[in-house]
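We count residues from 1, following the sequence as given.
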Amino acid sequence: PQPYVSIPISVTLRDWERANALVPEVLSWLQVRGHAPASAPFFRYWTVGDLDVPFDLEIGFPVQDVVPGDGRVRAGEIPAGTYPVKDQTVC
């Protein structure tokens, strides 16, 4: 299992910049509390939308240990398993 913290959002592709803007917000939230991310940020999709139908997702960071949320930022855990991921190749 992988603990994480995230902010949930419901957003269409037309307003996707709102989702992207949460990455630095979650990172800052961790840093203010003295925690570092364990890895790169992720987008956890709960439902898939389109230009007009909202996606329901979480924008978050994995963390080494459980970090309590505060209302806006939620604590969660991804169950152990094998998951598809986008290649993280750095250029």
Sequence neighbours excluded, the answer for salt bridge (Lys or Arg N to Asp or Glu O under 4.0 Å) partners of Asp65 is none
Between Arg74 and Gly71, the two heavy atoms sitting closest are CG-O, 4.4 Å
Residues passing the side chain to side chain contact (heavy atoms under 4.5 Å, CB included) test with Asp56, sequence neighbours excluded, are Ser10, Trp46, Thr47
Closest non-hydrogen atoms of Tyr4 and Pro62, given as atom of the first, atom of the second and distance, are CB-CA, 3.9 Å
Please tell me whether Tyr45 and Glu58 have a donor and an acceptor in their side chains that are separated by less than 3.5 angstrom. no
Under 3.5 Å, which donor-acceptor pairs do the side chains of residues 20-27 form with other protein atoms, sequence neighbours left out?
unit_1	atom_1	unit_2	atom_2	d
Glu25	OE1	Arg72	NH2	3.0
Glu25	OE2	Arg72	NE	2.6
Glu25	OE2	Arg72	NH2	3.3

Fill in: Side chains of Thr12 and Val53 in contact at under 4.5 Å (non-hydrogen atoms)
no
For Gly69 and Ala75, the nearest pair of non-hydrogen atoms, with its separation, is N-CB, 3.9 Å
Are Val73 and Ile9 connected, step by step, through hydrophobic side chains (Ile, Leu, Val, Met, Phe, Trp, Tyr) whose heavy atoms are closer than 4.5 Å? yes
Residue pairs passing the salt bridge (Lys or Arg N to Asp or Glu O under 4.0 Å) test with at least one member in residues 43-55, sequence neighbours excluded, are Arg14-Asp52
Check: residues 32-39 side-chain donor-acceptor pairs under 3.5 Å, at least two apart:
unit_1	atom_1	unit_2	atom_2	d
Arg33	NH1	Trp29	O	3.1
Arg33	NH2	Asp70	OD2	3.4

ring-ring contact (aromatic ring centres under 6.0 Å, His included) filter on Phe61, not counting sequence neighbours, yields none
Note to self: Can you tell me how the ring of Trp16 sits relative to the ring of Phe55, calling it parallel under 30°, perpendicular over 60° and tilted otherwise?
What the structure shows: perpendicular
inquiry  = Side-chain heavy atoms nearer than 4.5 Å, only ILVMFWY residues, links allowed to pass through others: does that put Phe42 and Val5 together?
reply    = no
Could you check if a side-chain atom of Val11 sits within less than 4.5 angstrom of a side-chain atom of Pro54, using non-hydrogen atoms only?
-> no
Distance col, row Ile59:CD1 vs Phe43:CZ, nearest 0.5 angstrom, shows 4.0 Å
